[in-house]
Amino acid sequence: MSLIVNFLRKIFGFRVKIPDLKNMNYLVVGLGNIGPEYKDTRHNIGFMILDEFARQEGAKFYNERLAYYTEVSYKARTLFLIKPTTYMNLSGKALSHWMKALKIPIENVLVLVDDIALPFGTLRLKPKGSAAGHNGLKHVELVLGHNNYARLRFGVSNDFPKGRQVDYVLDGFDKDELPALPALIDRSIEMIKSFATIGTELTMTKFNNK
C-alpha cells in the first residue's frame, strides 16, 4: 500500500488524502422532494441520479425511517443510498439519522444536489462549501453544525426571471436539455463510484475539469 500511496502523492501532490481502506462504507444522499408533483424536476436531480444508480445495479429502494433506502456494492465497498422523505427543507434530519445508524464518518458522506449557479450539464465535486442559498444544504449544515462534507453539484442553470427561482427549480428540465440528461446522470454515477474508491481530491482532478 505504501508504494501506491507514494505514487499517487508524487503525481498529485502531498495534499492528496488517500481514502481510509479500513472503512469501506459510504453514505450517498440524493436531495429532493417526495411526491409525484416533484418527480423529475430540477430540484430532484439527486433522486434521479440515485434511482438510475439503483436501476443499473438491480437494487430496490425501501421506505425506511426518514428516507427511501437501498445499498449497492462496488469494488468491495458498500454504498448506502438514501432519498430523504423529509422534504428538501429538512434534509439534514435524514442524513444525520442514517450517518449515526450506519456509523458512517463524515468523510464518507456524499450529498447530491442541484445548483443554479452552474450552467446546465456542469458537474462539480467539492469537499466542502457554503449552502449558497440551497435550502437542503442549509438544513444539512444546520444539523451537522458545519459544512465540511462532500457534495456533487449538478448544474441546472439559472435561466429564470427575477423572483421565479422556486418555480424554476420545481419545474422539469427543458426539452432541449432532456436528451443530455441520461449521459449526465451516468457521469454522476461514475463520480459517485470514484468518490468511494479514490476519494474526493483525486475524483475532482479526474472529473471536475471535463
Side-chain angles (χ1 to χ4, degrees), residues 27-72 79-99 109-124 130-144 149 151-189 191-192:
L27 179 64
V28 185
V29 185
L31 298 191
N33 290 304
I34 58 171
E37 66 270 34
Y38 299 110
K39 182 176 173 59
D40 296 338
T41 60
R42 294 180 176 89
H43 226 23
N44 270 37
I45 191 63
F47 280 18
M48 294 168 69
I49 294 168
L50 292 191
D51 283 340
E52 177 60 16
F53 193 3
R55 188 197 68 77
Q56 292 180 9
E57 299 295 326
K60 180 180 179 181
F61 279 97
Y62 295 92
N63 192 352
E64 301 289 348
R65 185 175 179 188
L66 300 177
Y68 288 103
Y69 163 94
T70 192
E71 57 188 73
V72 301
L79 281 66
F80 300 101
L81 315 181
I82 68 166
K83 300 185 297 179
T85 54
T86 55
Y87 290 97
M88 186 68 80
N89 291 4
L90 295 176
S91 298
K93 190 174 181 181
L95 184 152
S96 177
H97 166 76
W98 285 97
M99 272 186 65
V109 173
L110 177 63
V111 176
L112 315 179
V113 61
D114 61 294
D115 195 326
I116 61 172
L118 295 176
F120 172 77
T122 302
L123 302 174
R124 289 288 181 267
S130 71
H134 193 285
N135 288 334
L137 296 186
K138 282 182 182 178
H139 195 258
V140 169
E141 184 175 332
L142 176 67
V143 171
L144 293 179
Y149 59 91
R151 72 286 308 273
L152 174 54
R153 301 161 59 203
F154 190 108
V156 297
S157 187
N158 60 355
D159 187 20
F160 54 87
K162 185 176 181 181
R164 299 299 298 274
Q165 177 177 329
V166 173
D167 294 334
Y168 178 77
V169 297
L170 294 181
D171 197 5
F173 289 91
D174 294 339
K175 288 183 179 180
D176 62 340
E177 295 172 336
L178 289 175
L181 267 183
L184 292 170
I185 289 174
D186 282 344
R187 188 167 183 80
S188 299
I189 294 169
M191 294 175 73
I192 293 169

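In what follows, every heavy atom counts, from backbone to side chain, and hydrogens, waters and symmetry copies are set aside. These numbers come from a predicted model, not from an experiment.
Of the possible polar contacts, none joining the D174 side chain to the D176 backbone as a donor-acceptor pair under 3.5 Å is found. Between the side chain of N89 and the backbone N or O of N135 there is no donor-acceptor pair closer than 3.5 Å.
Residue H139 comes nearest to S91 through the heavy atom pair ND1-N, 3.7 Å, listed as atom of the first residue, atom of the second, then distance. Minimum heavy-atom separation, L184 to G121: CD2-O, 3.4 Å. In this structure, S130 and R151 approach most closely via the heavy-atom pair O-NH1, 3.5 Å. What you find for L144 and L95 is that their closest heavy atoms are CD2-CD2, 4.0 Å. Heavy-atom minimum distance, P84 versus V29: CG-CG1, 3.9 Å. Minimum heavy-atom separation, A59 to E71: CB-O, 4.0 Å.
The aromatic rings of H43 and H134 lie tilted to each other, with the angle between the two planes from 30° to 60°. Between Y38 and Y87, the ring planes lie perpendicular to each other; the angle is over 60°, past the 30° to 60° tilted range.
Taking CG of L50 as the start and CD1 of I185 as the end, the distance is 10.5 Å to the nearest 0.5 Å. The CG atom of L170 lies 9.5 Å from the CD atom of Q165; values are rounded to the nearest 0.5 Å. If you take CG on L142 and OG on S96, they are separated by 10.5 Å, rounding to the nearest 0.5 Å. In this structure, CZ in R42 is found 5.5 Å from CG in D171, a value given to the nearest 0.5 Å. The distance from atom OG1 of T85 to atom CG of L66, rounded to the nearest 0.5 Å, is 5.5 Å. One finds the CG atom of L137 at 8.5 Å from the CE atom of M88 (value rounded to the nearest 0.5 Å).
Here the side chains of F154 and L123 are in contact, with some heavy-atom distance below 4.5 Å. Annotation: side chain of I49 is not in contact with side chain of F47 (no heavy-atom distance under 4.5 Å). D186 has its side chain within reach of Q56: a pair of non-hydrogen atoms, C-beta onward, lies under 4.5 Å apart. Between L112 and I45 the shortest side-chain heavy-atom distance does not fall below 4.5 Å. Residues M48 and F173 have side chains in contact (heavy-atom distance under 4.5 Å, counting atoms from C-beta outward). Within the 4.5 Å cutoff, side-chain heavy atoms of L152 are placed close to those of S188. Proximity of F160 to V166: side-chain heavy atoms (C-beta onward) are nowhere separated by under 4.5 Å. No side-chain heavy atom of Y168 sits under 4.5 Å from any side-chain heavy atom of N158.
With sequence neighbours left out, E64 forms a salt bridge (charged side-chain N to carboxylate O under 4.0 Å, His left out) with no residue at all.
Under the 6.0 Å cut-off for aromatic ring centres, F61 and Y68 do not qualify, their centroids lying 6.0 Å or more apart. Aromatic pair W98/F80: ring centres not closer than 6.0 Å.
Ion pair R55/E52 flagged as a salt bridge, since at least one NZ, NE, NH1 or NH2 atom sits closer than 4.0 Å to an Asp/Glu carboxylate oxygen.
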*Between K83 and D51, is a side chain to side chain contact (heavy atoms under 4.5 Å, CB included) present by the stated rule, with each step listed?*
CA-CA 9 Å; K83 300 185 297 179; D51 283 340; 2.6 Å; yes
